[in-house]
J.: 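Here it is, the structure, as C-alpha cells.
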Amino acid sequence: MAVQTVAGSTTSSAPAVDLGPAAALSCRECGERFELGPLFACASCFGPLEVAYDLPTGSPEELRKRIEAGPDNIWRYAPLLPVPADVAEKPNINPGFTKLVKADNLARELGVTGGLYVKDDSGNPTHSFKDRVVAIAVEAARAFGFTTLSCSSTGNLAGAVGAAAARAGLRSCVFIPHDLEQGKVVMAAVYGGELVGIEGNYDDVNRFCSELIGDPLGEGWGFVNVNLRPYYGEGSKTLAYEICEQLGWRLPDQIVIPIASGSQLTKIDKGFQELIRLGLVEDRPYKIFGAQAEGCSPVSAAFKAGHDVVRPQKPDTIAKSLAIGNPADGPYVLDIARRTGGAVEDVTDEQVVDAIKLLARTEGIFGETAGGVTLGVAKKLIEAGVIDPSLTTVVVNTGDGLKTLDAVSATSQATATIKPSLDAFRAAGLGSA
Ligand SMILES: *Cc1c(COP(=O)(O)O)cnc(C)c1O
C-alpha cells in the first residue's frame, strides 16, 4: 500500500515526544504506523491503534536484574512501557506490584492441585486495576500538553482519573452513568475534580465523550480511554509482567480475566508475548479465559456461538464495572481465547455474590463484583473440566468490595445484636459452647 511508505518515513525520524521505548502507533488491523500523538483510530482503515516499541536488546539476565532493582510499583517495567525514563521521579500515583496471593484454602475448596493464585489488584491506590492504565495515560497527557484529564467510566476509572489528576496537578472532568454505586461516586468525587453523571448507560456516556472530543468544549482534554487509549491500554501489560515475575519469571498455565471493554485481557496477552520475545520467561503454552456477567455477556455469547463479531447488548447486572454492552476489544478477546485454547464464559448475579463470599471466606480477600464475576467463571470452568485443576491458575481480582457493598449487604450483616453482657451472649447461642 502506498500510504504505508508515507507512514514508514514518519517513524524513521525520531518521535517528537519522549515516551521512552515507544516508537510509534501502529494499526492493529492494517499495520500502518503513525507518529506518537493523541490518536486512537487509523486514518486509513479506522482500526484501533496500539503502541509499537523499540524494546531493549540487551541480555534477558541484565534486563531481569534491572527490573528487580526497580521501584515496588509499575515503573520497574518502565523499559517496556510508553513512559519517559525518569517517570518514577514525577508526581504520579505509582500503582502496581500488588500481591499475588497463593490461595491454598480456595484451591482445596475448588479441587485445584496445580497451584491457584489470586492477583489482588484491590491493593492499588484507588482500589482497582484502573490505576495502572491511568498512570500511563497521565504520562501521555503530559507529553502531549493536555491540561485536563477526562474519561468515560463505569466507576473505577473515574476515581483513578480523579486521583491521578490531583496528584499530577492536572484538572479533571470525568463522566459516569448516573446510577452507579455510592462507593464509586464518592470515590470519584472526593479528589476535587468535576464529576458528571450522565442519564444513560456506559455506552451512552462513551458516545457523549466521543462527541465532546470533536467539540471546542473538549479542546486540550486528554480522555484517557478515548484519545489516549493506545497508551492507557499498555498499563494493563504490567499485570502480566508482575504475575510472571511473582511466579519466579514463569508464565501461568491458565489465567482468568474479567472483560468490560476487553482491553485488559488483550494487553495481558500482549505482556506475556513481550516477555517471551525478550527471553524473560520460557516460551510455553498458556490459556486465557475471559469472564463476564450473564447480564452483560456480549463476548461470551459470541464465543459460545462461534461468531467473530460481537453483537451489542443492553447491560443489566450488579457487576457495573463490567457493564459495557458494546466492548471495543471484543473481537480481539475472541481471537485470544481461541488462539490460546481458552474460553469466554459468564455467570449469573447470584453466582457473582456467591463467589465474592467464597473468596472472602477462604482467603480473606473482599473483591468487588468484577472479582466475583472472575472467580465465579473460574469455578464454573473448573467444575466443567474446561480449566485443568492440575495446572497453575491465576484469577485476577480487579477491584475492592468496599465499593460495591450493595451486592452483599443483604446477606452480610451482624450475626446478632445483644446487650453488653455474657448472659446475653450465651442466650444468643454464641461463643464456644
Ligand atoms: C474496568 C474494569 C475491568 C475491565 O476493564 P477492560 O475495559 O476490559 O479493560 C475489570 N475490573 C474492574 C473492577 C474494572 O473497573
Side-chain angles (χ1 to χ4, degrees), residues 48 50 95 98 118-124 126-134 136-137 151-161 174 176-177 180-181 183-184 187-188 202-203 205-206 224-226 229-240 255-271 288-293 296-300 310 315 317-334 336-337 344 352 355-356 359 365-377 395-404 407:
E50 70 175 338
T98 56
V118 176
K119 179 61 172 168
D120 187 13
D121 246 18
S122 67
N124 277 312
T126 71
H127 308 280
S128 89
F129 106 96
K130 290 296 197 302
D131 290 320
R132 297 177 184 274
V133 283
V134 170
I136 308 285
C151 68
S152 52
S153 172
T154 55
N156 284 316
L157 186 57
V161 166
V174 300
I176 55 172
L180 287 186
E181 303 95 335
K184 287 195 185 130
M187 190 87 191
Y202 174 80
D203 298 288
V205 179
N206 208 25
V224 302
N225 56 341
V226 189
R229 188 171 180 85
Y231 310 93
Y232 158 99
E234 297 297 291
S236 291
K237 292 192 308 180
T238 59
L239 270 167
I255 181 166
V256 192
I257 305 165
I259 300 166
S261 73
S263 172
Q264 177 183 184
L265 186 146
T266 65
K267 298 303 177 181
I268 287 179
D269 178 58
K270 187 179 181 185
I288 294 190
F289 299 88
Q292 296 206 292
C296 182
S297 52
V299 188
S300 165
V310 173
T317 168
I318 58 168
K320 293 187 176 168
S321 55
L322 304 181
I324 298 184
N326 189 12
D329 287 291
Y332 299 107
V333 168
L334 292 172
I336 290 167
V344 186
V352 171
I356 291 174
L359 183 60
I365 298 170
F366 183 21
E368 76 145 82
T369 44
V373 167
T374 311
L375 179 56
V377 162
V395 174
V396 184
N397 175 47
T398 46
D400 193 319
L402 285 173
K403 290 201 219 178
T404 57

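Counting starts at 1 for both ligands and their atoms, following the listed order.
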J.: Any idea which heavy atoms bring Cys151 and Val224 closest together, and the distance?
T.: CB-CG2, 3.7 Å
J.: In the protein, what heavy atom is nearest to atom 5 (O) of ligand 1, and what distance, to one decimal place, separates them?
T.: Ala260 CB, 3.6 Å
J.: Backbone, side chain, both or neither: what part of Leu322 comes under 4.0 angstrom of ligand 1, heavy atoms only?
T.: side chain
J.: Give me the nearest non-hydrogen protein atom to atom 7 (O) of ligand 1 as residue plus atom name, then the distance to 0.1 Å.
T.: Ser261 OG, 2.6 Å
J.: Please name the pair of heavy atoms, one in Thr317 and one in Ala293, separated by the smallest distance, quoted to 0.1 Å.
T.: OG1-CB, 3.3 Å
J.: What is the closest protein heavy atom to atom 1 (C) of ligand 1, and at what distance does it sit?
T.: Lys130 NZ, 1.3 Å
J.: Give the atoms of ligand 1, by number and element, whose distance to some non-hydrogen atom of Ser263 is under 4.0 Å.
T.: 6 (P), 8 (O), 9 (O)
J.: Looking at ligand 1, does any of its N/O atoms fall within less than 3.5 Å of an N/O of Glu368?
T.: no
J.: Under the criterion side chain to side chain donor-acceptor pair (under 3.5 Å), I'd like the reasoning laid out for Asn156 against Lys403: C-alpha separation, chi angles, the key distance, then a yes or no.
T.: CA-CA 9 Å; Asn156 284 316; Lys403 290 201 219 178; 2.8 Å; yes
J.: For atom 12 (C) of ligand 1, what's the nearest protein heavy-atom neighbour? Residue, atom name and distance, please.
T.: Thr398 OG1, 3.3 Å
J.: Is it true that Asp203 and Asn326 share a donor-acceptor pair across their side chains at a distance under 3.5 Å?
T.: no
J.: Does the side chain of Thr398 come under 3.5 Å of the side chain of Asp121 through a donor N or O and an acceptor N or O?
T.: no
J.: Ligand 1 and Gly262, any nitrogen or oxygen pair closer than 3.5 angstrom?
T.: yes
J.: Please state which protein non-hydrogen atom is closest to atom 9 (O) of ligand 1 and give its distance, to 0.1 Å?
T.: Gln264 N, 2.8 Å
J.: Testing the 3.5 Å rule here: is there a donor-acceptor pair between the side chains of Glu368 and Ser122?
T.: no
J.: With heavy-atom distances below 4.0 Å as the criterion, list the atoms of ligand 1 near Pro258.
T.: 10 (C)
J.: Between Lys119 and Thr98, do the side chains contain a donor N or O and an acceptor N or O under 3.5 Å apart?
T.: yes
